[in-house]
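Working notes, beginning with the structure itself.
Only this structure's heavy atoms are used, side chains among them; waters, hydrogens and symmetry mates stay out. Everything quoted here is computed from the prediction, not taken from an experiment. All chains are named by letter (A, B, ...) in the order of the sequence lines, taking the proteins before the strands, and each is independently numbered beginning at 1.
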There are 2 protein chains.
Amino acid sequence: MKSKITLKDIARELEVSISTVSKALKNSEEIGRDTKEKIQAFAKLYNYKPNNIAISLKNKRTKNIGVVIPDIVHHFFTTVIRGIEKYANARGYNVIVCLSEESFDKEVINMEMLANGSIDGFIMSLSSETQEKGDYNHLKEVTEQGIPVVLFDRITHEVECDKVIIDDKLGAYQATKKFIDQGKKRIALITTDDYLSVSKARTKGYLKALKESPLGIDESMILKMPSMEMDEEAIKTFLDNKEPDAVLCVNEIFAVCGMRFAQKKGLKIPEDISFIGFTDGVLSKYANPSLTVVAQHGEKMGEEAAKMLIDKVESEAEEETYQTKILEPTLVIRDSIAH
Amino acid sequence: MKSKITLKDIARELEVSISTVSKALKNSEEIGRDTKEKIQAFAKLYNYKPNNIAISLKNKRTKNIGVVIPDIVHHFFTTVIRGIEKYANARGYNVIVCLSEESFDKEVINMEMLANGSIDGFIMSLSSETQEKGDYNHLKEVTEQGIPVVLFDRITHEVECDKVIIDDKLGAYQATKKFIDQGKKRIALITTDDYLSVSKARTKGYLKALKESPLGIDESMILKMPSMEMDEEAIKTFLDNKEPDAVLCVNEIFAVCGMRFAQKKGLKIPEDISFIGFTDGVLSKYANPSLTVVAQHGEKMGEEAAKMLIDKVESEAEEETYQTKILEPTLVIRDSIAH
DNA sequence: TATCAACACGAAACCGTTTTCGTTGTGTTT
DNA sequence: AAACACAACGAAAACGGTTTCGTGTTGATA
């Protein structure tokens with residue numbers, strides 16, 4: 001077990017000073033040709049690599065970015081992480097992932113853990129508990145310390161920082177409009193409670209499209225699921241009672257469940273009843289019939305967030321100017337609607 | 001923007017030495033009551049938190065663990081990460097995630113990035129390219145430096161380190177046996193090329209079960225997909241030609257695709273043709289019919305891996321003793337087989 | 001020959017901790 | 001009064017780098 005070689009080791013071995021070694025390895029003009037070559041050769045031979053921690057301590061940059069998300073076993077978050085990781089890696093950054101598991105306390109603890117020097121900035125999506133609670137002091141504290149934060153998807157406007165979201169309202173609007181244009185009359189919405197910023201926005205888009213149409217709004221056609229957990233019964237009775245001919249769902253799972261019940265009742269998809277979900281995940285792709293969805297472009301979102309964050313981290317200027325990037329969703333047409 | 005307060009700041013402000021502050025904050029007996037109280041109060045007031053980087057440099061422990069996996073947009077890996085993260089977090093560790101994207105080079109680069117002080121140990125699953133190539137020098141170098149490594153799922157026996165796998169062979173054996181017991185006669189296997197250690201093991205289990213049965217082995221009932229990418233046509237023609245009455249698939253996607261083609265041909269699942277897949281993901285759960293799978297218990301695997309790693313990291317002893325933990329898979333019975 | 005610039009290198013501070021090993025001042029013991 | 005124990009604190013080294021600012025040597029210049 002040959003443990004890592006340091007500048008000091010090289011200096012001792014070659015009988016020069018530490019500073020000379022340091023400079024030689026950075027190819028400084030200050031050091032003579034012979035000495036440089038000797039040192040560089042030696043360093044290569046012993047596979048010298050500078051210690052990241054020491055460098056971090058010196059220039060107060062870790063080249064790590066902290067990602068705090070509610071859950072990782074969700075296709076959307078997963079794609080976002082991938083986008084972040086790819087982009088960050090290309091710029092020499094590592095990604096530290098922390099899971100809040102939809103818990104406010106865990107979110108706070110995770111941020112505190114990372115905020116003491118471990119990372120240069122945060123990318124995060126709020127836990128449902130945080131959004132419900134409306135307490136964003138942990139975010140404010142961090143930004144006040146000068147640590148940049150980029151919020152994505154589940155955001156709040158109460159914190160001044162960069163944000164990147166998709167236009168959820170527009171996505172829902174377009175999907176609903178699609179139904180209307182196809183002549184659907186009883187268009188339902190299956191969503192979660194309003195505390196999730198995204199569900200709220202999607203509901204708005206749904207309502208807007210209906211309001212603009214001759215159909216108008218029927219609040220009873222909206223099913224609000226109390227939690228993120230699946231409650232199959234609720235969906236079943238809702239479909240039985242309301243008999244919609246088109247259903248917009250705020251995620252894949254609601255949609256796939258809905259389709260299953262519809263099929264069990266003998267309804268034909270998309271003729272008798274059409275479905276559109278959110279999130280372009282595996283479920284939509286391999287569902288039977290395959291599910292039309294509003295794609296959120298998670299990977300793109302991750303890239304954008306990472307870009308915004310790293311740009312801010314690396315800009316010396318302390319501009320107090322923040323932007324919100326709004327990505328356009330796109331409708332991915334599959335067999336759960338007519339086409 | 002009040003930037004972080006340091007020991008030095010407190011010392012200056014309270015006109016004591018840095019060492020006194022440090023000791024006072026650790027409640028050292030060395031420091032007098034009054035002084036301690038004064039310092040602790042001041043620290044709390046200004047929300048002092050020690051700088052992680054400095055501490056890492058001092059005691060050569062980062063409390064970070066590096067996770068290098070081929071892909072994150074796969075349910076199995078995702079659950080493993082969750083298991084790792086939960087366990088590691090509970091023990092005060094953070095998780096740095098790097099994606100190799102099935103590329104040997106990326107795997108090497110990622111490991112080098114992290115091996116220079118950023119982490120205390122690695123948890124990883126090999127990229128397909130690495131397994132194909134059979135080059136494990138990057139792993140050996142790291143272990144020789146004294147950095148502990150835990151391999152999971154996609155492992156190699158050429159590197160001496162802790163490992164945690166599920167008994168893939170057993171899983172496939174049990175699944176195949178299930179088919180045999182149910183009176184299936186034409187049992188097919190859809191797998192990937194053998195370079196993936198897991199596919200190899202699963203194929204072995206499948207073959208073993210058949211060999212032990214009166215049915216015997218028919219190599220032509222095995223479809224080897226050349227890559228991880230879906231090739232729907234290959235599956236379709238395979239099913240058309242071989243007309244199996246039971247299909248074991250090494251992942252969810254192959255199985256769901258298979259089921260779809262079978263249904264299109266008018267076959268009834270599970271009566272005419274049964275399916276079993278690997279990986280207990282969303283796809284299996286919400287497929288129609290829901291898919292029976294060999295569950296790999298990714299989260300458990302992640303926990304085990306994290307436990308093994310952290311135990312090793314925190315044990316002073318330089319025991320050169322490594323263990324391989326083998327988790328038992330379980331068959332999750334759903335509607336794609338008779339029951 | 002005295003002066004000076006350029007060259008090549010080293011000393012030391014610094015980043016923020018921890019920790020060892022003094023060094024005081026006080027009170028107790030004989 | 002001398003010796004000593006002990007409590008309370010500080011100085012400084014160490015972790016592994018980077019960087020500023022010398023400093024000694026050389027050769028060229030006046």
Quiz item: Should the heavy atoms of other residues, nucleotides or ligands under 6.0 Å from NZ of Lys307(B) be counted, would the total exceed 12?
Solution: no
Quiz item: For atom CD of Glu37(B), is the number of surrounding heavy atoms from other residues, nucleotides or ligands below 6.0 Å larger than 12?
Solution: yes
Separation of [X] atom [atom1] from [N] atom [atom2], in whole Å?
X: Glu30(B); N: dG25(C); atom1: CD; atom2: P; answer: 18 Å
X: Leu57(B); N: dT18(C); atom1: CG; atom2: C1'; answer: 11 Å
X: Ile18(B); N: dC14(C); atom1: CD1; atom2: C1'; answer: 12 Å
X: Arg61(B); N: dG16(D); atom1: CZ; atom2: P; answer: 14 Å
X: Asn51(B); N: dC14(C); atom1: CG; atom2: C1'; answer: 14 Å
X: Leu14(A); N: dC9(C); atom1: CG; atom2: C1'; answer: 14 Å
X: Leu7(A); N: dT19(D); atom1: CG; atom2: P; answer: 12 Å
X: Arg12(A); N: dG16(D); atom1: CZ; atom2: P; answer: 11 Å

Exercise. Measure distances between side-chain N and O atoms of Lys58(B) and base N and O atoms of dT18(C), and say whether any donor-acceptor pair falls under 3.5 Å.
Key: yes
Practice problem: Assess whether one donor atom and one acceptor atom, taken from the side chain of Ser19(B) and the base of dA11(D), lie less than 3.5 Å apart. | Solution: yes
Practice problem: Indicate yes or no: at least one non-hydrogen side-chain atom of Met301(A) is less than 4.5 angstrom from one of Asp153(A). | Solution: yes
Should [X] be listed as having a side-chain N or O under 4.0 Å from OP1 or OP2 of [N]?
X: Lys60(A); N: dG16(C); value: yes
X: Tyr48(B); N: dT17(C); value: yes
X: Lys4(A); N: dG16(D); value: no

Quiz item: Atom OG of Ser118(B) and atom CG of Asn52(A): how far apart are they, to the nearest 0.5 Å?
Solution: 4.0 Å
Quiz item: Going from CD1 on Ile155(B) to OG1 on Thr324(B), what distance comes out if it is rounded to the nearest 0.5 angstrom?
Solution: 6.0 Å
Exercise. Show the numbers, then the answer: is there a side chain to side chain donor-acceptor pair (under 3.5 Å) between Glu102(B) and Ser127(B)?
Key: CA-CA 4 Å; Glu102(B) 305 288 5; Ser127(B) 79; 5.0 Å; no
Practice problem: Taking only heavy atoms on the protein side, list every residue of residues 20-29 of chain B lying under 4.0 Å from any atom of DNA chain C, sorted numerically. | Solution: Ser22(B), Lys23(B), Lys26(B)
Exercise. Carefully, step by step, assess Gln131(A) and Ser197(A) under the rule side chain to side chain donor-acceptor pair (under 3.5 Å).
Key: CA-CA 8 Å; Gln131(A) 289 202 308; Ser197(A) 54; 3.0 Å; yes
Exercise. Between Asn59(A) and Lys8(A), just flag the one whose closest nucleotide in DNA chain D comes earlier from the 5' side.
Key: Lys8(A)
Quiz item: Of Ala54(B) and Glu15(B), whose closest DNA chain D nucleotide lies nearer the 5' terminus?
Solution: Glu15(B)
Quiz item: Are Asn94(A) and Lys63(A) close enough, and set up right, to give a side chain to side chain donor-acceptor pair (under 3.5 Å), and what steps lead you there?
Solution: CA-CA 6 Å; Asn94(A) 282 122; Lys63(A) 289 243 166 193; over 6 Å; no
Practice problem: Looking at every strand, decide which applies to Thr35(A) at a 4.0 Å heavy-atom threshold: base, sugar-phosphate, or nothing. | Solution: sugar-phosphate
Self-check item: End-to-end axis angle, where each axis spans five pairs of the helix from dT1(C)-dA30(D) to dT30(C)-dA1(D), to 10°
Solution: 90°
Quiz prompt | Closest non-hydrogen atom pair between Glu304(B) and Val164(B), with its separation | solution = CB-CG2, 4.2 Å
Exercise. Take Lys140(A) and Glu144(A) through the test salt bridge (Lys or Arg N to Asp or Glu O under 4.0 Å) and record every step on the way to the result.
Key: CA-CA 6 Å; Lys140(A) 288 173 187 165; Glu144(A) 273 171 19; over 6 Å; no
